[in-house]
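Just so we're on the same page: letters track the sequence lines, and every chain starts at 1.
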Amino acid sequence: MIAFLANPQRFMALSAWATPLLGAIAVLLFAIGVPWALFVAPADYQQGESARIMFVHVPASWWALMIYAFMGVTSLVGLVWRHALADVAARAAAPIGATLAGLSLVTGSIWGAPTWGTWWEWDGRLTSMLVLFIVYLGYIALWAAIEDETKAARLAAILCLAGLVNLPIVHFSVTWWSTLHQPASVFRAGGPAIDRSMLWPLFVMALAYLALFGALLLCGMRAIIYRRRAQAAIARRARSA
Amino acid sequence: MSALYAVFRRELALAWSAGGGAIAPVGFFLGATTLLPLAIGADHELLRKAGPPLVWVAAALAALMTLERLFQADLEDGSLEQLFLCAAPLELIVLAKGAALWLAVGVPLALAGAPAAIALQAPTALIPLTVASLAVGMAGFIGVGLVGAAVSAGVRRGGVLIALIVLPFFAPLLIFGAGVADEVQAGGPFFLLSGCALGAVGLGPILAAAALRIQAG
Amino acid sequence: MSALYAVFRRELALAWSAGGGAIAPVGFFLGATTLLPLAIGADHELLRKAGPPLVWVAAALAALMTLERLFQADLEDGSLEQLFLCAAPLELIVLAKGAALWLAVGVPLALAGAPAAIALQAPTALIPLTVASLAVGMAGFIGVGLVGAAVSAGVRRGGVLIALIVLPFFAPLLIFGAGVADEVQAGGPFFLLSGCALGAVGLGPILAAAALRIQAG
Amino acid sequence: MGGDHHFQASLSVERLTLARGQRTLFSNLSFEAAPGAFVELRGPNGVGKTTLLRAIAGFLRPASGRVAFAHIEEPALALHFLAHRDGLKAPLDARAHVRFWAGLLGGRSDAADTALARVGLHAIADLPARVLSQGQARRLSLARLLVAERPLWLLDEPASGLDTGGRALLAALIDEHRARGGVVIAAVHDDLGPGPTRAIELTP
Amino acid sequence: MGGDHHFQASLSVERLTLARGQRTLFSNLSFEAAPGAFVELRGPNGVGKTTLLRAIAGFLRPASGRVAFAHIEEPALALHFLAHRDGLKAPLDARAHVRFWAGLLGGRSDAADTALARVGLHAIADLPARVLSQGQARRLSLARLLVAERPLWLLDEPASGLDTGGRALLAALIDEHRARGGVVIAAVHDDLGPGPTRAIELTP
Ligand code: HEM
Ligand SMILES: Nc1ncnc2c1ncn2[C@@H]1O[C@H](COP(=O)(O)OP(=O)(O)OP(=O)(O)O)[C@@H](O)[C@H]1O
Ligand SMILES: Nc1ncnc2c1ncn2[C@@H]1O[C@H](COP(=O)(O)OP(=O)(O)OP(=O)(O)O)[C@@H](O)[C@H]1O
Ligand SMILES: [Mg+2]
Ligand SMILES: [Mg+2]
């Protein structure tokens, strides 16, 4: 798979039609998921309508973690097998992951205001998530700071791997420390503790996020590759002179 | 005139090209503002009281760290001499450098003050004021920092030295700045802050220029 | 072996010769710990609570500022290549550098924690523990910081970038470090702190060395 | 760039004594440089050539003696100083540097591209200074001499790092400058090409 | 320093292609360097001499081709690399540098003073590197070649900044090293003195 995609030409050809396709799927899923979440799914019996923000918050939070894990894998591939495309993938994924982490923080705060009576709380989950967000920022900043792209890729990869230690902390923070934030209620031993009627729209939304991520990722990767080609053209002009 | 503009533009370009532009200082600022809550833990009362001061200390340190290499790099790579050979007075050149730094780092950082304030449980009503006062304060910090940077330009790993030199002068800015949050209606602290900042921006470049002339000799 | 000793000695010499050696960071540390009380105002109760966290935040930031130029200077002046040409593995060389930094800056800073703690109204009984935990914590900060310094060595004005990169990793050290003061009898936080520090000191040099190899290429 | 008009500026070094730290480098050095003069400073390493150039530029004050300028109101605005360290900023590209110098030193920024072409960096004007080779960096700082017209050139080992083509270029620049009545004072270890009007052998 | 014993080490560059950024500098370069060989690298600024030396030293990996060593187990421990930037630390004095290199590169630290004397810095061994002149700094890094015995010398424009005496010294050092069977590869713009066994003209 990776070996197949490692060839940029092949990747560009593939992504040329894969990108719009994923985009379309994302739109479709959102078209189903959003109304379902907002109108069909029952309001939470404790929290009322405000609980519906769950359908934004939870998937955003999940994918914020997953995308970082994805970056960890691609970084490793880039470091060990020197697949240029892996570096590109990690680089393109970072802003998306950062945005989702930010979204999780914001929606979480908004949700927290009515339910916990506070916008922000320095408990394990929230803090560790904030830390993840900052790690994202650091990763992006490092990429931006180093002019030599090949260097930047490998250095950023090292940083990304170091940052992986944070993921389990975020995930298990709710179980390790006593937090306001509720414990894992979907992916947990003994099946989900959320009612089916909320679970299905949640999954649809999660898939929609995934499709959107795929589309944006490919877009970003293509943009980076095009910029590289432009720079190569400049360098060639330098050589020919 | 065009000399000043050239310096200003170059400094802006450097600030944005290296260190990822504003991402890094802003990120550092947010990071630093999270440090204390991390250490304190979830004690609201404490946070609300210690919050504004902390935001200001973080801002001060962010200013410090961006300032550190400002003149040191110029001294090492020999571009400082170039600045002596231009028509504009060195004081104004230093001012231009500071202005560029303020635009590139100070302003974004002031804006980042909003989320930071929220994280530190500051009342939402105060946020615009916080941002405004941070923008003013950053100008003051940079004004003071210029002197520290110029004085310790020759020193390897001078960051800490700068800090040592300028922190005392940061104190008034910090106190008034943090005070702004306390008395909203009474603009007192804000005016005092602006006064200090103005003084720093006015005097800083003059002293810095003097120090730089010595550095070259 | 003698290669490591050479590096250690040189780094020590540099730390002491340039930037005022350990005096500057310690001074910064004390300065920073006095800033917040200034800003907070003389609210004893508040100070006593906020004391230990403040000390730790200040220590973390002091560590940051000393780290900045650690590898950047070596990269610019070409002495990094020299380190590649010696018999000792780069990981150990980096460790030696870190150790020298800890001895030159970390230890004095930990000692300075005593007066700082007093200034912040911390109970006198806690002071030895504070110093000990600070010494351990500084080792951890430096271990983490080595990675940040190595990764951003090529970056002009990298100080802020380093800060942004390492701050999140400082978090656990800070939390446990500040926690030490709270539960004196129960050594829990202290062991956790030592654990984190150990991990940082163990892993840091390895990642840093990897980063440095890339920097040279 | 206005090769037609003619510089009047000249300078004379009068009984100059330079010291660094506790140590006196040389004493009572005197020489003149009339318009069109090309003065070579020679001497063993560490004798004080660079220091002398910096003293003439006004960057450091002599222990005794003086440097007198004629037909120059403000020396700092009448000289170019080409040092060992070229004052290049790693992240900025070649063109940005030349533009900056033009603005800073009061030259015409449209001269930037012609200057880059003259020093042979036109093709790599978009590369950041960080990646320039030793000689390319030196060529870039030579471009500084072209973007702003100044009568007095102080060059510290200007040929170091230059290839044969680069040295020919340097020689040509010096000749043209002298033809305009400009003064060139250069610290050298071996000949630059144009015969000096005066070669000063510094001795400790 | 054991002038008696004889180095065996040799290397061969095989179809080497180097690239920086997106750009290929030169392709399929091949040459050998037997014990006692002195290879001169010539070519216009920016052609890739420094890059080639760095590739041989193993600091950067070639786009294609390889550098093969004979009678050398670990290349990094068998070579000296003399770069443009001398890796001097401003606050440390000359002697401290030489001692450090001796320790780092596995030389005998009692060789420090003899080395300093040889490069003519004995008198100023206590001056911080910050105040050294260009040529003095270059002489100091020459001392590095003396404190640790290594068969392969990679010199990047070693004569730059050196006065006539310094160049004679450099020539002598190279001759002695070759007499011991050492290999010297130097990027140069003009002759160092000793006739090269092989002069390679790099072309883009
Ligand atoms: C700024 C505040 C908040 C942050 C940073 C945050 C962060 C997160 C994160 C990172 C996850 C993913 C956990 C994992 O997959 O391991 C998550 C899941 C979740 N959050 Fe939040 N959250 C916040 C506020 C809230 C609030 C106020 C509520 C509701 C009272 C809430 C309800 C949930 C639920 C139901 C899940 C799914 C649980 C699971 O199955 O994993 N969150 N949140
Ligand atoms: N990232 C990059 N992109 C494009 N070109 C690059 C990059 N990095 C280096 N170069 C080019 O590679 C070359 C480096 O060559 P090198 O420094 O080896 O030259 P050299 O032969 O030593 O020249 P000199 O005689 O001036 O020392 C330069 O032409 C430089 O412009
Ligand atoms: N603070 C100081 N104390 C003692 N000597 C000093 C001090 N600063 C500089 N020097 C000496 O002054 C001299 C500086 O000379 P300068 O750099 O002008 O030499 P130069 O003629 O340019 O030599 P080169 O040909 O190597 O460039 C050096 O010998 C240096 O050792
Ligand atoms: Mg000189
Ligand atoms: Mg070169």
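- A side-chain donor-acceptor contact under 3.5 Å links D:T197 to the backbone of D:F38.
- When atom types are taken as modelled, the side chain of D:R144 and the backbone of D:A102 share no donor-acceptor pair closer than 3.5 angstrom.
- In this structure, CG in D:L127 is found 11.0 Å from CG in D:L140, a value given to the nearest 0.5 Å.
- Contacts of D:L79 with chain B are made by both backbone and side-chain atoms, with heavy-atom separations under 4.5 Å.
- A side chain to side chain donor-acceptor pair (under 3.5 Å) with D:R42 is found for one member of D:D191, D:D190, D:T203 and no other, namely D:D191.
- We find the CG-CG distance between D:L154 and B:L85 to be 9.0 Å, quoted to the nearest 0.5 Å.
- A distance of 7.5 Å separates CG of B:L80 from CG of B:L90, quoted to the nearest 0.5 Å.
- By a heavy-atom distance cut of under 4.5 Å, D:R54, D:F59, D:L60 are the residues of residues 43-62 of chain D near chain B, going up by number.
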